[in-house]
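Side chains are part of it too, since the values below use all heavy atoms of this structure and drop only hydrogens, waters and symmetry mates.
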Amino acid sequence: MKRQRRQRFNREAALAFATGEIASSCAVKQRLGRGELSQLARCIEASLRALAAGRRIYLFGNGGSAADAQHIAAEMVGRYRRHRTALPVVALTTNTSVLTAIGNDYAFEDVFTRQVEALVRQGDVVIGITTSGRSPNVVRALRRARQLGGVTVALCGAYTRLLRPVADIILSVPSEDPQRVQEAHTLLGHIYCGLIEQCLFPQPASDRRN
């Protein structure tokens, strides 16, 4: 087998590539308009109602979206900007024994559905994250959560056809580029955490983490 020649690193080309990526990322975020932000507001309102009623928020996704679910849960259980009471927010992507047992004994498409059946109760908020909008295990879990009386939220990209029948709220980033969608999800997740903190724990803006 022929060895491919390694391309030499070109600093100017790399800078041009990086500049283009930043511009592309910013352009997608700037396309988040009133429609998308109204859906985010609905998600925050539903979450505040759930927390006030003693319910929980659950998040899940695959790959980078699993990391996003864990990131949001970490900000809510720990803190985002303010010292305050911990909030009952759970990522369904962290227990490797549960994930591998369900994947092995049932199917990978059921890794979140089984956890939803075990944990979700009426009034909980259930957030499924999928950049493609096509993840079978996310779609299935949202459908089951809705059947159990949960408020279902889909955080996704431009493709929403499979999510519309299973999600009460669809927060769709206007892009089909998974990298750009995921970058926008991080921004939306931070806004979500920040506004929930502000509503539940009014404090001086000076109380920020290092």
Side-chain angles (χ1 to χ4, degrees), residues 36-77 80 85-95 98-99 101-103 106-157 159-173 181 185 188-197 199-200:
E36 291 80 17
L37 297 181
S38 294
Q39 294 303 301
L40 176 59
R42 289 183 63 205
C43 178
I44 292 167
E45 288 167 349
S47 299
L48 290 169
R49 284 194 298 270
L51 294 170
R55 306 311 309 153
R56 294 186 175 189
I57 298 168
Y58 295 97
L59 304 105
F60 50 86
N62 299 289
S65 295
D68 288 338
Q70 291 161 212
H71 180 176
I72 294 170
E75 302 283 21
M76 302 289 273
V77 174
Y80 181 59
T85 305
L87 296 172
V89 181
V90 180
L92 301 183
T93 52
T94 58
N95 190 323
V98 168
L99 293 170
I102 296 169
Y106 295 91
F108 188 70
E109 287 81 358
D110 294 323
V111 293
F112 301 132
T113 304
R114 293 287 292 181
Q115 294 185 76
V116 162
E117 290 176 350
L119 299 170
V120 171
R121 299 294 178 264
Q122 186 164 353
D124 289 337
V125 171
V126 182
I127 303 175
I129 309 174
T130 166
T131 57
S132 70
R134 296 174 170 86
S135 305
N137 54 9
V138 173
V139 174
R140 283 193 190 192
L142 287 174
R143 179 181 294 112
R144 188 68 182 117
R146 184 185 248 185
Q147 292 167 351
L148 293 169
V151 179
T152 54
V153 180
L155 181 57
C156 58
Y159 181 80
T160 62
R161 186 174 67 84
L162 298 178
L163 295 165
R164 287 197 293 271
V166 300
D168 299 306
I169 300 167
I170 296 180
L171 181 46
S172 168
V173 173
V181 172
H185 283 178
L188 293 168
H190 281 165
I191 296 169
Y192 172 82
C193 294
L195 286 172
I196 286 179
E197 270 195 346
C199 290
L200 293 180

For residues Glu36 and Ser172, report the shortest heavy-atom separation together with the two atoms involved.
CG-O, 3.2 Å

CD/Gln39 to CD1/Ile44 distance, rounded to the nearest 0.5 angstrom?
11.5 Å

Side chain to side chain, Tyr192 and Leu155, heavy atoms closer than 4.5 Å:
no

Is Val125 close to Arg55 at the side-chain level, that is, under 4.5 Å between some pair of heavy atoms?
no

Please list, one pair per line, the donor and acceptor atoms closer than 3.5 Å that link side chains of residues 159-171 to other protein atoms, with sequence neighbours excluded.
residue, atom, partner, partner atom, Å
Tyr159, OH, Arg161, NE, 3.2
Tyr159, OH, Arg161, NH2, 3.3
Thr160, OG1, Arg164, NH1, 2.8
Asp168, OD1, Arg146, NE, 3.2
Asp168, OD1, Arg146, NH2, 2.9
Asp168, OD2, Thr152, N, 2.9
Asp168, OD2, Thr152, OG1, 3.1

When rounded to the nearest 0.5 Å, the distance separating CG of Asn137 from CG of Leu92 is 11.0 Å

Heavy-atom nearest pair, Ser65 first then Thr131, reads OG-CG2, 3.8 Å

Using side-chain heavy atoms (C-beta onward) and a distance below 4.5 Å, is Asp124 in contact with Tyr58?
yes

Just verifying a value: how many Å separate His190 NE2 and His71 NE2, rounded to the nearest 0.5 Å?
3.0 Å

Do Ile72 and Ile57 come close enough that some side-chain heavy atom pair is under 4.5 Å?
no

For a quick test of reading the model, state the closest non-hydrogen atom pair linking Leu148 to Val120 and the distance between them.
CD1-O, 4.2 Å

For residues Thr93 and Gln70, is any side-chain donor paired with an opposing acceptor at under 3.5 Å?
yes

So does Tyr80 get a backbone contact from the side chain of Glu197, meaning a donor-acceptor N/O pair under 3.5 Å?
yes

CG of Leu99 to CD of Gln115, rounded to nearest 0.5 Å, is 5.5 Å

Mind listing the closest non-hydrogen atom pair of Ala50 and Gly123 along with its distance?
CB-O, 3.4 Å

Going from NE2 on His185 to CD1 on Ile129, what distance comes out if it is rounded to the nearest 0.5 angstrom?
7.5 Å

Check whether any side-chain heavy atom of Leu142 sits under 4.5 Å from a side-chain heavy atom of Phe112, and report yes or no.
no

List the atom of Thr113, the atom of Ala141, and the distance in Å for their closest heavy-atom pair.
OG1-N, 3.4 Å

Rounded to the nearest 0.5 Å, the CG atom of Leu48 sits from the SG atom of Cys199 at a distance of 5.0 Å

Please give me the minimum heavy-atom distance between Val111 and Gly103, naming the atom from each residue.
CG1-N, 3.9 Å

